[in-house]
Asks: 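Here's a structure for you.
Values below: every heavy atom of this structure, side chains too, minus hydrogens, waters and symmetry copies. These figures come from a predicted structure and were not determined experimentally.
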Amino acid sequence: MYRFLLTPRWWAINVFLLLSIPFCVFMGSWQLGRFEDRVDNHREAEAQVADAKKDTPRPLDDLLPVTKATSGKQATATGRYDTQLLVPGRTLDDKDGYYVLTLLRTDTGRALPVVRGWLPGEPDPAKAPAPPAGEVTVTGALQASETPGSNGVSARSGLPQGQTAAISAASLINLVPYDVYDAWVTLNDGDSGMTAVPATAPGGTGLDLKAFQNLGYTAEWFAFVGFVIFMWFRLFRREVELARDAELGIAPTDVAAESTEPAGSADPVTEREPSSTSGV
């Protein structure tokens, strides 16, 4: 009954089954490993940001360019506050508000974007405290330039004058007449009563959409294993049923004919030839 397993068709089916199952398991395990790596990187990045607050602040230029190793580190810079901008659409403690961003003109000729704090509500220049006058030294967590459209950063354009959607050199260079550092600093303590903006983990280390895509691909690969096994058993059961029917002498065409024959049909009645009558 099971001799059909030795046919070339079933050899091909069995080889496909034996190769596809370990391949799917490997791919699912690999995708799961990628997700676990992202989770570990996220935890390490958060721990790094938390530990960085205890480090001794270092001059800004010693920490540039911003990398995963230097993101969140304590940086110091000295200069004079200049242009002040508002960054709308920023949430803190589940409340909508905006950042107060002020550019610090340093002796290098470039300006450092400094987030002095966060305020609730809609952006209002009248509510944003004016920056301190004269030379100041700021200390805060170093952050990489933001990328519009990623990590919750708005990609809006056409904002009112005095506002910017992203804190990045590419965005700010069009708003001020001087060079801007490709980095920014968030003060450890909010200036003028504003709420301090906490430092965030560097880009590419969070549980973003790519991380959950890896988790989704993991489920798909393992689901495909179950689908392949299910289809193999379905084909196997069908072949066994056909083999049993063949042993009983039931051909597939006979079964189909019986299924299409109307129930209760009688044998056809043989037509009689008309009897001859004698002429008058």
Side-chain angles (χ1 to χ4, degrees), residues 42 45-50 52-53 60 63 66 68 70-75 77 81-105 111-132 136 138-176 180-212:
H42 177 66
E46 288 186 336
Q48 174 182 323
V49 172
K53 294 182 179 180
L60 172 67
L63 298 173
V66 183
K68 290 183 179 180
T70 60
S71 179
K73 295 291 185 180
Q74 293 293 299
Y81 281 123
D82 195 275
T83 307
Q84 181 159 286
L85 302 168
L86 304 181
V87 187
R90 300 306 173 105
T91 303
L92 189 62
D93 296 332
D94 297 327
K95 296 180 181 179
D96 295 332
Y98 57 97
Y99 292 169
V100 177
L101 175 70
T102 311
L103 297 179
L104 182 72
R105 299 287 300 273
L112 172 66
V114 178
V115 174
R116 298 172 48 229
W118 174 89
L119 291 174
E122 294 295 325
D124 186 356
K127 295 181 180 179
V136 295
V138 298
T139 301
L142 182 65
Q143 302 280 263
S145 289
E146 297 178 335
T147 302
S150 64
N151 296 327
V153 179
S154 174
R156 292 172 53 192
S157 59
L159 291 173
Q161 186 177 3
Q163 296 185 21
T164 180
I167 309 175
S168 67
S171 300
L172 297 174
I173 198 65
N174 298 319
L175 302 177
V176 294
V180 180
Y181 279 101
D182 190 21
W184 57 283
V185 165
T186 174
L187 297 183
N188 297 326
D189 299 317
D191 195 3
S192 301
M194 293 182 288
T195 304
V197 176
T200 59
T205 59
L207 296 179
D208 53 7
L209 179 60
K210 291 183 178 180
F212 291 101

Asks: Within the 4.5 Å heavy-atom criterion, are Pro129 and Asp191 side-chain neighbours or not?
Replies: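 A side-chain contact under 4.5 Å is absent here.
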
Asks: Compare every heavy atom of Leu142 with every heavy atom of Thr70, then report the nearest pair and how far apart it is.
Replies: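 The answer is O-CD2, 4.1 Å.
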
Asks: Could you report the tightest heavy-atom contact between Ala166 and Arg90, atom names first, then the distance?
Replies: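 So the minimum-distance heavy-atom pair works out to CA-NH2, 4.1 Å.
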
Asks: Thr200 and Gln143: side-chain donor and acceptor closer than 3.5 Å?
Replies: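 Their side chains do contain a donor-acceptor pair, which is all the 3.5 Å distance test asks for.
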
Asks: Around atom CG of Asp124, are there more than 12 heavy atoms from other residues, nucleotides or ligands closer than 6.0 Å?
Replies: yes

Asks: Apply side chain to side chain contact (heavy atoms under 4.5 Å, CB included) to Tyr99 and Thr186, showing your working.
Replies: CA-CA 10 Å; Tyr99 292 169; Thr186 174; over 6 Å; no

Asks: Give, for atom CG of Leu119 and atom OG1 of Thr195, the distance between the pair rounded to the nearest 0.5 Å.
Replies: 7.0 Å

Asks: Please report the shortest heavy-atom distance between Leu187 and Ala196, naming the atom on each side.
Replies: O-CB, 3.9 Å

Asks: Before you tell me yes or no, could you show the steps for Ile167 and Val87 under side chain to side chain contact (heavy atoms under 4.5 Å, CB included), namely the whole-Å CA-CA distance, both residues' side-chain angles and the distance that decides it to 0.1 Å?
Replies: CA-CA 8 Å; Ile167 309 175; Val87 187; 4.2 Å; yes

Asks: For Ser171, what residues pass the side chain to side chain donor-acceptor pair (under 3.5 Å) criterion, not counting sequence neighbours?
Replies: Ser168

Asks: On a heavy-atom basis, which atom in Pro88 and which in Pro123 lie closest, and how many Å separate them?
Replies: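 Heavy-atom minimum between the residues: CB-CG, 3.4 Å.
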
Asks: How long is the straight-line distance from CD of Glu122 back to NZ of Lys127, given to the nearest 0.5 Å?
Replies: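 The distance works out to 9.5 Å.
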
Asks: Return the minimal non-hydrogen interatomic distance between Ala128 and Gln84, and the atom names on each side.
Replies: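 Distance-wise, the nearest heavy atoms are CB-NE2, 3.7 Å.
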
Asks: Between Arg105 (side chain) and Thr83 (backbone), is there a donor-acceptor pair under 3.5 Å?
Replies: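 The answer is no, because no donor-acceptor pair under 3.5 Å joins these two groups.
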
Asks: After noting the C-alpha distance and the side-chain angles of Val138 and Arg116, does the key distance pass the side chain to side chain contact (heavy atoms under 4.5 Å, CB included) rule?
Replies: CA-CA 10 Å; Val138 298; Arg116 298 172 48 229; over 6 Å; no

Asks: For Tyr98, which of Leu85, Leu86, Leu92 qualifies under side-chain contact (heavy atoms from CB on, under 4.5 Å)?
Replies: Leu86

Asks: What heavy-atom pair brings Ser145 and Ala183 nearest, and what distance separates the two atoms?
Replies: OG-N, 3.5 Å

Asks: Give a yes or no answer on whether the side chain of Trp184 reaches the backbone of Leu112 with a donor-acceptor pair at less than 3.5 Å.
Replies: no

Asks: Are more than 12 heavy atoms from other residues, nucleotides or ligands located less than 6.0 Å from atom CG of Asp189?
Replies: no

